[in-house]
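Worksheet for the structure shown next.
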Amino acid sequence: MSMADEKKIPLIAIIGPTAVGKTALSLSLARALKGEIVSVDSRQVYRYMDVGTDKVSREVCREIPHHLINVADPDQPFSAADFVRGAQDAISRIHARGFVPILAGGTPFYFHAFERESLCEELPSDWGLRERLEKLPKVELARRLEDVDPESARRVHPNDGVRLLRALEIFELTGRTATQWYTEQAARSGVRASRYAIFYIGLTQPYEILYERIERRVREQFESGYAEEVKWLLDRGYDPRLPALQGFGYRELVRYHEGTMTYEEALAGDVRSTKAYARRQRTWFTKFEHVRWFDVSQCGGAEALVSELVPMCECHLAGEE
RNA sequence: GGCGGGAUAGCUCAGUAGGUAGAGCAGCGGACUGAAAAUCCGCGUGUCCCCAGUUCAAUUCUGGGUCCCGCCA
C-alpha cells in the first residue's frame, strides 16, 4: 500500500434502487460503526418536501446526524456540483470528528459526480440563459450546437433538449466548448488520485418484490399527507414548474390540485414513474465498479445482512481492504 | 323489447377504397459531465369477438350469433 493510499479517507457507500431498504441499513450501520449519514438524494436536499421524499424523522436525525438533507428551498436550484461540494465538506468534518461517513441514497448521478470529481469548479450555469434558450425549437438548438461544437453535437441526441441546452450554455458563458472543457478535465483527473477509498455496498431485489414494495410505499405516502404537502407548497407560492416539483408524485399531485387528474390517477402515475425510476437506477448502478452486491430478498433479512457487513466495513475502515 | 354505436397489443384507440396492421401509455433494455425523481434513445405476432357466405385472397364486404355502451320503451 502506497503513501497516497494511506491518506485516503475511507467511506462506506450504500447504493441501490428506491424502496430496496437503503435507509434502514444506513441507520443500522451508523449505529454499529459510529457513523454519520451523508444523504445522496437529489430531492431530500429540499426543505418542506418530506412525505414524498421519505426523509427520516427529526428524532432519527437527532440520534444519527444526517448531512445534505434540507439544505435548499424548493425554489433554489441545487445542482450535482452543489452536492459534490457539500459532500466533500461534510465528509471532512465527519472524518475530523472521528466518525465514519456513510453515503446513502439513490441518486446515481450524484455518486458518479462525487467519485469521479467530474464537475469542473469553473464551469458556470445560468438559469436565465436556459430559459431564453428553452424557447427555441430543438432543431434550432441542435443546429447552433453543430456550428459551435460539432463534437458535442455528435455526442448529444438532437432531441435531448436538456443536454443541447447545457452544451450551448457552456459555450455562451465561457466562450469555450464543452468538448474543450471535458478534455482538459479528463487529462487533469488522470494525474490526480481520488481522496477517498469508497466501499460500495449494493442492495438489489427482484423486480417482482421491489415493485410490490414501491406500491406499498407510495400508498403509505398518499395516506400520510402527501397531497397536503403538495397543496402547502403550492399555497406557499412555489411554481409547479420548478425542478424540485418535477419528481414523481409531486408532478401528479400538482395536477390533482389543478383538477386535471384524479387522486387515483395521481397515485397510479406515481407508482408507475417510481418503477421506471428504479429501472433507470439499476442501469446506472450496475455499471459501478467494485460493488459488493446483496440480494436483500435472499440474505436472510436485514439483521443477518448487518452482522455480515459490519466486519467487512471495519476491515475497510482499517485500510485492510 | 326497439333503435343506434362499438368489439383490433396489457390499457386507450387509429387504420386497412379486400393483399393478415400501428400510435400513445404501460412493459423491457440503454444513454447520461452543474435540471438527474430531470432529459433522451431503442424494442411492437396481436385468435384484428365467433360462425357462415362472397372472393384467388376477409381483420376489412354480406348474413347470423355473442358481449359491451348509449338512447327510447
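Just so you know, these numbers come straight off a predicted model, no measurement behind them.
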If I take atom CG in residue A:Leu164 and atom C1' in nucleotide B:rA35, what distance separates them, rounded to the nearest angstrom? 14 Å

Roughly how many Å apart are B:rA58 and B:rC51, using the P atom of each and rounding to a whole number? 13 Å

Using only heavy-atom distances, decide whether a donor-acceptor pair under 3.5 angstrom links the side-chain of A:Arg280 to the base of B:rC32. no

Over all strands shown, is A:Gly249 touching base, sugar-phosphate only, or nothing at heavy-atom distances under 4.0 angstrom? nothing

Name the closest nucleotide to the A:Lys275 side chain, picking from B:rG29, B:rG27, B:rA36. B:rG27

For nucleotides B:rG24 and B:rA14, find the distance between their C1' atoms and express it as a whole number of Å. 10 Å

Take atom CZ of A:Arg154 and atom P of B:rC41, then tell me their distance rounded to the nearest Å. 20 Å

Out of B:rA36, B:rU39, B:rG27, which nucleotide sits closest to the side chain of A:Thr107? B:rA36

Counting heavy atoms from C-beta on, name the nucleotide in B:rC40, B:rC32, B:rA35 closest to the side chain of A:Leu165. B:rA35

Check for a donor-acceptor pair, side chain of A:Glu265 on one end and backbone N or O of A:Thr262 on the other, with a separation under 3.5 Å. yes

Let me spell it out: for each of A:Ala81 and A:Asp41, pick the nucleotide of RNA chain B with the closest heavy atom. Which residue's pick is nearer the 5' end? A:Ala81

Determine whether the aromatic ring centres of residues A:Phe288 and A:Tyr200 are separated by less than 6.0 angstrom. yes

Please give the distance between the P atoms of B:rA26 and B:rG10 as a whole number of Å. 16 Å

Using purine N1 to pyrimidine N3 plus N6-O4 or O6-N4 for Watson-Crick, or N1-O2 and O6-N3 for G-U wobble, both under 3.5 Å, which nucleotide pairs with B:rA52? B:rU62

A:Met312 side chain reached by A:His316 side chain, heavy atoms, under 4.5 Å: no

For A:Asp160 and A:Arg85, take the nucleotide of RNA chain B holding the closest heavy atom to each; which residue's nucleotide lies nearer the 5' end? A:Arg85

Atom-to-atom span, CZ of A:Phe288 to C1' of B:rA36 - whole angstrom: 12 Å

In Watson-Crick or G-U wobble terms, with both distances under 3.5 Å, the base opposite B:rC13 is B:rG22

Base of B:rA36, side chain of A:Arg166 - is there a donor-acceptor contact under 3.5 Å? no

Answer with base, sugar-phosphate or nothing: what part of the nucleic acid does A:Tyr211 contact at a heavy-atom distance below 4.0 Å? sugar-phosphate

Measure from OH on A:Tyr277 to C1' on B:rC40 and round the result to the nearest Å. 16 Å

Taking any heavy-atom pair under 4.0 Å as a contact, classify A:Trp127: base, sugar-phosphate, or nothing. base

Suppose you measure atom P in B:rG22 against the same atom in B:rA9; what distance do you get, rounded to whole Å? 14 Å

Does the A:Lys22 side chain pair with the main chain of A:Pro17, one donor and one acceptor, at a distance under 3.5 Å? yes

Whole angstrom is fine here: how far is it from CD in A:Gln281 over to P in B:rA31? 15 Å

Paired with B:rC3: which nucleotide, if any, by Watson-Crick or G-U wobble criteria at under 3.5 Å for both distances? B:rG70

Separation of the P atoms in B:rG46 and B:rC11, to the nearest angstrom: 13 Å

CG of A:Leu168 versus P of B:rA35: gap in Å, rounded? 14 Å

Roughly how far apart, to the nearest Å, are B:rG70 and B:rA38 at atom C1'? 44 Å

Measuring only the P atom in each nucleotide, how far is B:rU47 from B:rC43? A whole number of Å is fine. 22 Å

By nearest atom, which of the nucleotides B:rA36, B:rA35, B:rC41 is closest to the A:Asn159 side chain? B:rC41

Could you go step by step and tell me if A:Thr179 and A:Asp149 meet the side chain to side chain donor-acceptor pair (under 3.5 Å) rule? CA-CA 7 Å; A:Thr179 304; A:Asp149 185 359; 2.8 Å; yes

Over all strands shown, is A:Glu117 touching base, sugar-phosphate only, or nothing at heavy-atom distances under 4.0 angstrom? nothing

Measure the distance from CZ on A:Arg43 to C1' on B:rA38 and round it to the nearest whole Å. 6 Å

Ring centroid separation A:Phe111 to A:Phe114 under 6.0 Å: no

Given B:rA35, B:rG30, B:rG27, identify the nucleotide with an atom nearest to the side chain of A:Arg130. B:rA35

Closer than 4.0 Å, any side-chain N/O of A:Arg241 to the OP1 or OP2 of B:rA35? no

Between the base of B:rA36 and the side chain of A:Arg163, is there a donor-acceptor distance below 3.5 Å? yes

Return the value, rounded to whole Å, for the distance between atom CZ of A:Phe83 and atom C1' of B:rA38. 17 Å

Could you give me the CA-CA distance, side-chain angles and deciding distance for A:Tyr211 and A:Glu215, then say whether side chain to side chain donor-acceptor pair (under 3.5 Å) is met? CA-CA 6 Å; A:Tyr211 284 175; A:Glu215 250 168 73; over 6 Å; no

P atom, B:rG19 versus B:rU62: distance in rounded Å? 15 Å

Of the options B:rA35, B:rC32, B:rG27, whose atoms approach the side-chain atoms of A:Glu134 most closely? B:rA35

Using purine N1 to pyrimidine N3 plus N6-O4 or O6-N4 for Watson-Crick, or N1-O2 and O6-N3 for G-U wobble, both under 3.5 Å, which nucleotide pairs with B:rA35? none

Just compare B:rU39, B:rC32, B:rC40 and give me whichever is closest to any side-chain atom of A:His157. B:rC40

Output yes when at least one side-chain N/O atom of A:Lys287 is less than 4.0 Å from OP1 or OP2 of B:rG30, else no. no

Contact class for A:Thr18 (heavy atom, under 4.0 Å): base, sugar-phosphate, or nothing? nothing

Applying the Watson-Crick and G-U wobble criteria at under 3.5 Å, what pairs with B:rG42? Answer none if nothing qualifies. B:rC28

Euclidean distance, A:Tyr46 OH relative to A:Asp75 CG, rounded to 0.5 Å: 9.5 Å

